[in-house]
Amino acid sequence: MLKRILQEVKEYKAVSIATPLCIIIEVIAEMFIPYLMSSIIDDGVNAGDMGHILRVGGMMIVIAAIGLIGGLLGGVFGAKASTGFAKNLRKAMFDHIQDYSFANIDKFSTAGLVTRLTTDVSTLQMGYQMCLRMMMRAPASLIVALIMSFVISPRIAVIYLVAVLTLSVVLFFILRRATRYFRQAFPKYDDLNESVQENVTAIRVVKAYVREDEEVSKFKKASQAIYDIFSKAEGATVYQAPAMMLTVYSCILLISWTGAKMIVSQTLTTGQLMSLLAYCMNILMSLMIVSMMFVMFSMGSASVQRIYDVLNEESTLKNPDDPVYDVKDGAIDFNNVSFAYNSEAKEPVLKNINLHIKAGETIGIIGSTGSAKTSLVNLISRLYDVTDGSVSVGGVDVRNYDIQTLRNKVSVVLQSNTLFSGSIYDNLRWGDENATDEECRHACELACADEFIERLPDRYNTHIEQGGSNVSGGQKQRLCIARALLKKPKVLILDDSTSAVDTATDAKIRKAFREEIPGTTKLIIAQRISSVMDADRIIVMEDGEIDGFDTHENLLKNNAIYKEVYDSQMQGGGDFDEAGKEGA
């Protein structure tokens, strides 16, 4: 797992290696300072030798400068390595998510993916920088200080060794408890992000229903959960500082007591005692840094697992070994198709579907909510794979196509219409990035979007806010249809994509389809009979099965569900007045 994560260091390997090397230089320089200070005191001050003081003092300045340079370079290299590592990690995750099938995306919540791309990666970035700098500095400082202490006085150095071992055991039990809480913390961020995302995305609904207090309460609950879990984690680590201070002061007292007796017996000098006290602080502070690193590792280990889950997730949809790169036409065949979103589901969503649609046909699809209309069309562009049977487009099983080739020829306007921040031209060119202005305008004419675009101040250069929040529902739907038409598809699927436009505009769009793209197979999912009644044939869905598949006239005669829907809608003059206006 860690090996996979560290693969994203990539071009930052050189600075990642340079960082600990610079830190080692800094540590060695720092450890020489107390040793040289003892020489100044013993051989310079006590002996009254000013020349020795100046020589050793000069050496200290040079060594301190070397340590300073090493520290500065280590900081610069460490920052560059950690931020570069985080950049690569985010890119790798984002790129990998783009290859996910809908089934993979369903496995992770949107808020969970956002948390992994932001909070978890930031945690790993801090942890990586600490590894490069502190993981090398603290152990190196501790080891070098111990060695120097044993060189000066093995008797006193034993005190350090006992203190280090004792404190290590205490910190182990403290951090072991804290780790459990840190592992529980990050999933709480998912809940917090989900609360924020829902509130911001649906802020108009929140205000329309005066649900601000409830949303604040939900956010407060998610925030409180994070507070509680981190309070427990910090509560577990609160004993770390007292244990550290107790050990430090105990060491200072023991060293002072033992050192004073050794000075009296002339087995230790005053300068050596000062050096030992300096090394005492270095050793114990290094141990404190090590303990902080373990806290960071505890937090980082949870983030590593969450990021690894994203990177290690294999798409359920893969290209075949020898894919087909040409879609002959828009003929569609369902052969004994069954489909379930989950392999453990008791009942499939689609059951024993058999359909044969000719290229260029216009097919209407109606059915009650939950009758699996969307599930049916999702299989055509291979957004999901069938559980049993096969789906073919242009006479070839969709699983044998190159996925991008298939989706470029099967254009889908989904139920949830999404526009992106940018101009209208920018949004239209999602369908064809090389489309000319004239092609974009023609697609908008077919989708009846030119009517409102020409009334905008900047026309096709009008800026669209994120999610299309500055256009109405009907306008958004028509722009999405125009975007789909620019792909020049062999199959065009409209999944309830004209529900927010009036019936007159809906009729214009369907008329344009018949006249302008006769060779394109058109599948129109709708709740309104008026949207599908002039289709070549109409599919009636009920509980994941095909209850009827025939012309409008024949279904009125032979299909009870279709006749019931027709009567309920047409007796009142239809869902919309013919001269009505689109919904906002």
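Contact check for V565 versus I529: side-chain heavy atoms found under the 4.5 Å cut-off. Side chains of L486 and C440 form a contact here, defined as non-hydrogen atoms less than 4.5 Å apart. When side chains are defined from C-beta on, K373 does not count as touching V377, because their heavy atoms never get closer than 4.5 Å. Contact of the V393 side chain with the I380 side chain is registered, since non-hydrogen atoms from C-beta on lie closer than 4.5 Å. Side chains of Q125 and T83 form a contact here, defined as non-hydrogen atoms less than 4.5 Å apart. Considering only heavy atoms from C-beta on, V337 stays 4.5 Å or farther from N352 through its side chain. Side chains of F549 and I363 form a contact here, defined as non-hydrogen atoms less than 4.5 Å apart. With contacts defined as side-chain heavy-atom distances shorter than 4.5 Å, the pair L376/L355 qualifies.
For the residue pair Y128 / S16, a side-chain donor-acceptor distance below 3.5 Å is found, with atom types taken as modelled. Looking only at atom types and distance, the side chain of S375 has no donor-acceptor partner in the side chain of N378 under 3.5 Å away. With no hydrogens or angles considered, no side-chain donor-acceptor pair links N335 and N354 at under 3.5 Å. Residues Y401 and K409 have side chains that never bring a donor and an acceptor to within less than 3.5 angstrom of each other.
A salt bridge is defined here as a Lys NZ or Arg NE, NH1 or NH2 lying under 4.0 Å from an Asp or Glu carboxylate O, and E361 with K522 fails to meet this definition. Salt bridge annotation for D120-R116: absent, with no cationic side-chain nitrogen under 4.0 angstrom from a carboxylate oxygen. At a threshold of 4.0 Å, the pair E8-R4 counts as salt-bridged, since one of the basic side-chain nitrogens sits closer than that to a carboxylate oxygen.
For the pair V532 and I538, the tightest heavy-atom approach, listed with the atom from each and the gap, is O-CD1, 3.3 Å. N88 and V9 make their closest contact through ND2-O, 3.7 Å (heavy atoms, listed as atom of the first residue, atom of the second, distance). Residues V310 and H96 approach most closely at O-CD2, 2.9 Å, considering heavy atoms. Residues P320 and N400 approach most closely at CG-O, 3.5 Å, considering heavy atoms. The minimum heavy-atom distance linking I403 with N319 is given by the pair N-OD1, 2.9 Å. Across D550 and L555, no two heavy atoms sit closer than the pair O-CD1, 3.5 Å.
The CG atom of D95 lies 10.0 Å from the CG atom of L311; values are rounded to the nearest 0.5 Å. Considering CG of D397 and OG of S392, their distance stands at 5.0 Å, rounded to 0.5 Å. For the atom pair I546 CD1 and M541 CE, the distance stands at 6.0 Å (nearest 0.5 Å). Remark: F420 CZ to I464 CD1 distance equals 12.5 Å, nearest 0.5 Å. Rounded to the nearest 0.5 angstrom, L523 CG and I357 CD1 are separated by 5.0 Å. Going from atom CZ of R537 over to atom CG of N554 covers 11.0 Å, rounded to the nearest 0.5 Å.
Within a 6.0 Å radius of CD in E11, more than 12 heavy atoms belonging to other residues, nucleotides or ligands are found. Atom CD of E433 has 12 or fewer neighbouring heavy atoms from other residues, nucleotides or ligands inside a 6.0 Å radius. Heavy-atom contacts from other residues, nucleotides or ligands closer than 6.0 Å to CD of E553 number more than 12. At most 12 heavy atoms of other shown residues, nucleotides or ligands fall within 6.0 angstrom of atom NZ in K80. Heavy atoms from other residues, nucleotides or ligands lying under 6.0 Å from CD of E545 number more than 12. More than 12 non-hydrogen atoms from other residues, nucleotides or ligands lie less than 6.0 angstrom from CG of D458.
Checking side-chain atoms of R483 against main-chain N and O of W430 turns up no donor-acceptor pair under 3.5 Å. Panel note: side chain K328, backbone V396; no donor-acceptor pair is recorded below 3.5 Å. Between the side chain of T118 and the backbone N or O of V114 there is at least one donor-acceptor pair closer than 3.5 Å. Judged purely by atom type and a 3.5 angstrom limit, K487 uses its side chain to pair as donor or acceptor with the backbone of R407. Remark: the backbone N or O of S371 is not paired with any side-chain donor or acceptor of S368 at under 3.5 angstrom.
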Given the rule in the salt bridge (charged side-chain N to carboxylate O under 4.0 Å, His left out) test, do D437 and R429 qualify, once you have shown the distances and angles that lead to the verdict?
CA-CA 10 Å; D437 291 354; R429 287 186 175 117; 2.4 Å; yes
Evaluation steps, side chain to side chain contact (heavy atoms under 4.5 Å, CB included), between N559 and K563:
CA-CA 6 Å; N559 190 273; K563 188 175 188 308; over 6 Å; no
Working for side chain to side chain contact (heavy atoms under 4.5 Å, CB included), residues K490 and T521:
CA-CA 6 Å; K490 298 289 178 68; T521 303; over 6 Å; no
Worked verdict on S82 versus M126 for side chain to side chain contact (heavy atoms under 4.5 Å, CB included):
CA-CA 7 Å; S82 59; M126 291 187 292; over 6 Å; no
Apply side chain to side chain contact (heavy atoms under 4.5 Å, CB included) to residues F85 and I5 and explain how you reach the verdict.
CA-CA 9 Å; F85 171 58; I5 300 294; 3.6 Å; yes
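The residue from L406, V391, D385 that alone fulfils the side-chain contact (heavy atoms from CB on, under 4.5 Å) condition with R399 is D385.
Ring geometry, Y566 versus Y562: the interplanar angle falls under 30°, so the pair is classed parallel (tilted spans 30 to 60°). Using a 30° and 60° split on the angle between ring planes, Y425 and Y460 fall in the parallel class, below 30°.
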